[in-house]
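Atoms within a ligand are numbered from 1 in the order they appear, just like the ligands themselves. As the structure is a computational prediction, the values presented were derived from the model and not from experiment. We're numbering straight along the sequence, starting at 1.
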Amino acid sequence: MLNLILFGPPGAGKGTQAEFLIESYQLIHLSTGDLLRSEIAGRTQLGLEAKAFMEKGELVPDAVVIGMIKSKLEANQTARGFIFDGFPRTVEQADALDHLLNENKTPISGMLSLEVEREELINRLMGRGLVSGRADDQDQSVIENRINVYGQKTAPLISYYSAQGKHFGINGMGTIPEIAERLKETVDRLI
Ligand code: ADP
C-alpha cells in the first residue's frame, strides 16, 4: 500500500497536486477540508460545529477530524493506498493516524511537503477566493490567521515525520506541471 501525506501551508497547492497523484497512482483522496465542506453543505450536526472554526481560520477540534478519517479508512479497506490532504494538522492527529494505520499494518510511506513563500501563499489564496466562493479565501485576516495557525500547530509535523525518516521537502514554487513532476520523482523513489 502507498500512503502519502500531501503537506504544506494553506495555498501550497495540495488540492491541485492531489488530483494528479490520485490519477497516477490510483489512490483514494482524503481531504479533511473537502469532507468538512460537504458536511456543511449537507447541514449536518458535524458541519454546524465545524463551520464556526473554519470561518475564523481556526482548526476544527482534533476529535472531529480524526473521527472522519477513521470512518473513511474503515469504508475503504481494499484501497491501493491513500493520499491524505490537509490531514494531519496537529501532532495529536498524526499520532492518531499512526495508530489507525498500524492496526492494518499499512504505515505512512512518506510526507510530501510543499514549500512555498508566504507572500506567494497570500496571493494564491486571494486569487482563489475570487473564483471559488470560499469565504475563508476572501478575507485577508482569515488567510493570515490560517497561515499563522499552520506555523504554530502544523509545521511541527515536519520534525515529527523527519524523525521517522519520512519527510520529503518539495519546492512548491513554479508551474503546476513542474511541481507535479517533482512530486512524481519523489513518489517513484518510495514505491
Ligand atoms: P487550506 O489548506 O487552504 O486551509 P483546507 O480545505 O485544507 O484548506 O482547510 C480549510 C479549513 O478546514 C481549515 O482552515 C480548518 O478550519 C479546517 N480543517 C481542514 N482540515 C483540518 C484538520 N485536519 N484539522 C483541523 N481543521 C481542519
Out of Asp136, Asn145, Leu36, indicate the one that has the non-hydrogen atom closest to atom 17 (C) of ligand 1. Leu36
Ignoring hydrogens, just give me the one of Arg128, Lys51, Arg89 whose non-hydrogen atom is nearest atom 19 (C) of ligand 1.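 The residue whose heavy atom sits nearest atom 19 (C) of ligand 1 is Arg89.
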Using a 4.0 Å heavy-atom cut-off, which part of [X] comes near ligand 1: side chain, backbone, both, or neither?
X: Glu55; result: neither
X: Val65; result: side chain
X: Arg146; result: side chain

Other residues, nucleotides and ligands only: do more than 12 of their heavy atoms fall within 6.0 Å of [atom1] on [X]?
X: Lys166; atom1: NZ; value: yes
X: Ile176; atom1: CD1; value: no
X: Glu115; atom1: CD; value: yes
X: Glu74; atom1: CD; value: yes

Just checking, is any N or O donor in the side chain of [X] or [Y] under 3.5 Å from an acceptor N or O on the other one?
X: Tyr25; Y: Asp188; answer: yes
X: Asp98; Y: Gln164; answer: yes
X: Asp62; Y: Thr90; answer: yes

Looking only at protein heavy atoms, identify the closest one to [atom] and say how far it is in Å.
atom: atom 12 (O) of ligand 1; answer: Met54 CE, 3.3 Å
atom: atom 24 (N) of ligand 1; answer: Gln93 NE2, 2.9 Å
atom: atom 8 (O) of ligand 1; answer: Arg134 NH2, 3.2 Å
atom: atom 2 (O) of ligand 1; answer: Lys14 NZ, 3.1 Å
atom: atom 26 (N) of ligand 1; answer: Val60 N, 3.0 Å

Could you tell me whether some N/O pair between [X] and ligand 1 is separated by less than 3.5 angstrom?
X: Asp34; value: no
X: Gly86; value: yes
X: Glu58; value: yes

Could you walk me through whether Asp137 and Arg128 pass salt bridge (Lys or Arg N to Asp or Glu O under 4.0 Å), step by step? CA-CA 7 Å; Asp137 285 343; Arg128 187 168 79 185; 2.6 Å; yes
State plainly whether the residues Arg189 and Glu185 are in salt-bridge range, i.e. N to O under 4.0 Å. no
Any heavy atom of Lys56 closer to ligand 1 than 4.0 angstrom? no
Can you check side chain to side chain donor-acceptor pair (under 3.5 Å) on Asn104 and Thr106, steps first, answer last? CA-CA 5 Å; Asn104 304 329; Thr106 56; 4.5 Å; no
For Arg37, counting its heavy atoms only, list the atoms of ligand 1 lying under 4.0 Å from any of them.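 Near Arg37, meaning under 4.0 Å from one of its heavy atoms, ligand 1 has 6 (O), 10 (C).
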Counting from 1 in the order shown, the ligand 1 atoms closer than 4.0 Å to a non-hydrogen atom of Thr32 are 19 (C), 20 (N), 21 (C), 22 (C), 23 (N)
